[in-house]
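So the structure is just underneath, and the comments pick up after that.
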Amino acid sequence: MDRGLFITFEGIDGCGKTTQLNLLANYLKENGFEVVVTREPGCKGIGEKIRSLLLNSKDDVSSNCEAFLFLADRAQNIDNIVKPAVERGAIVLCDRHTDSTIAYQGYGRGIDINHLKKLNTLATGDFLPDLTLVFDIDVETSQKRVGEVKDRMESIGVDFTRKVRNGYLDIAINEPNRVKVINSKDSIENIFEQVKSLIKTKLG
Ligand code: TYD
């Protein structure tokens, strides 16, 4: 493979995307691919510090400040981890990316979506995912899975989560070629079968 693949994993909190990402990483490695796993927020290095600011800060954080911190982490992740790996032929699996900002800061917080799209383009240099998997669960299941100990983003509330979920479903309707929705109330094994079949269409 000359150019690799860039695959992003999305969904509301507790949707099971990280479990599926790890299963896929192992599966691809066993099949001889070079796999690079990264996440947003919290890419290796400075991204980990930005993640801690975003999720653990007890200070007041304005919506725009929050958005720019997610975007700063994204710029670092794309320039230092994602782009070099995809260009040398690796498969990059990224836990959250641009669609999280549209869903959470756009649909959730109410920041203008066209502005956020421009900022995403600036942060990524228009380096787009080849495939985005949205793991969809209902808001009640999300609340149960997140449990009692919540980070700053998980503490915002049920109405916010509902808006974010609707955001993801809208994104998938608007970009059906890139974004695939997977019903994540199924068993881990059945969901993984769907993940594998979607990835195979991209591996050619
Ligand atoms: P994540 O590490 O995926 O949390 P979890 O494993 O609990 O799903 O993401 C951290 C939080 O940051 C999550 O609540 C979603 C939020 N987020 C945004 O609001 N905007 C963004 O652009 C990104 C990347 C994440």
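Throughout, numbering of the chain's residues begins at 1 and tracks the sequence. Bear in mind that the values here come from a model prediction, so they are computed numbers and not experimental data. Counting starts at 1 for both ligands and their atoms, following the listed order.
- Using a 3.5 Å distance cut-off with no hydrogens or angles, the side chains of T161 and S142 do not pair a donor with an acceptor.
- Atom-to-atom distance recorded for R74:CZ and E40:CD is 4.5 Å, nearest 0.5 angstrom.
- Among residues at least two apart or in separate chains, side-chain hydrogen bond (donor to acceptor under 3.5 Å, both in side chains) pairs with a member in residues 55-64 are S52-N56.
- Judged by distance alone, the side chains of Y27 and N22 never bring a donor and an acceptor atom under 3.5 Å apart.
- A donor-acceptor contact under 3.5 angstrom links the side chains of Y107 and D170, judged on distance only.
- Closer than 4.0 angstrom to ligand 1 lie heavy atoms from D13, K17, E40, P41, R51, L55, F70, R74, R96, S100, T101, Y104, Q105, M153, E154.
- No hydrogens or angles considered: nothing links the side chains of S184 and D136 as a donor-acceptor pair under 3.5 Å.
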